[in-house]
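The structure presented is a predicted model; accordingly, all values stated were derived computationally and were not measured.
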Amino acid sequence: MKTILAILLISTGLSAQDLKPNDVQLHIGATYIISSITTSYVLKKTNDKRKAILVGIGVGLAAGVIKELNDKRIQNRDLTGNLIGSIAGSIVVTIPF
């Protein structure tokens, strides 16, 4: 018990992790949410899984590109994050449980 407590006390003082999200993580999260909501909506309306995935990815990417154009500085890392978030959001929604 003393060993666990000592390790816990030592580790709380260390700054091993930076818990603030960076810009790419924010892009992934935002497009994940947008594409998953869109995919869910299209899947519910059309019952076509392929169409729902494609529309979800497209809407997520479009939102990301519009945001980048609005920033007036297009970065490849941010666009890659948008692509990852859009694909993940669309595919996760269509996994059957």
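Using a 4.5 Å heavy-atom threshold, the side chains of Asn22 and Leu26 count as separate. No side-chain heavy atom of Leu43 sits under 4.5 Å from any side-chain heavy atom of Asp48. Residues Lys67 and His27 form a side-chain contact, since some pair of their non-hydrogen atoms from C-beta on lies under 4.5 Å apart. Contact annotation: the side chain of Tyr32 approaches that of Val92 to within less than 4.5 Å [non-hydrogen atoms, C-beta and beyond].
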Go through the steps to decide whether Ile74 and Leu79 satisfy the test side-chain contact (heavy atoms from CB on, under 4.5 Å), and finish with yes or no. CA-CA 8 Å; Ile74 297 175; Leu79 292 176; 3.5 Å; yes
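In this structure, CD1 in Ile91 is found 9.5 Å from OG1 in Thr39, a value given to the nearest 0.5 Å. In this structure, the separation between CD on Gln25 and CD1 on Ile84 is 11.0 Å, given to the nearest 0.5 Å. One finds the NZ atom of Lys49 at 12.5 Å from the CG atom of Leu54 (value rounded to the nearest 0.5 Å). With rounding to the nearest 0.5 Å, the separation of CZ in Arg73 from CG in Asp78 is 6.5 Å.
Heavy-atom neighbours of Asp71 CG from other residues, nucleotides or ligands within 6.0 Å: above the threshold of 12. Within 6.0 Å of NZ on Lys51 lie no more than 12 heavy atoms contributed by other residues, nucleotides or ligands.
Tested against Leu61 for a side-chain contact (heavy atoms from CB on, under 4.5 Å), the candidates Asn82, Ile66, Thr31, Ile34 yield a single pass: Asn82.
Both Val59 and Val42 belong to a common hydrophobic cluster when Ile, Leu, Val, Met, Phe, Trp and Tyr are linked at side-chain heavy-atom distances under 4.5 angstrom.
Ser35 and Ser86 form no side-chain donor-acceptor contact under 3.5 Å, judged by distance and modelled atom types alone.
In this structure, Ser36 contributes its side chain and Ile33 its backbone to a donor-acceptor pair below 3.5 Å.
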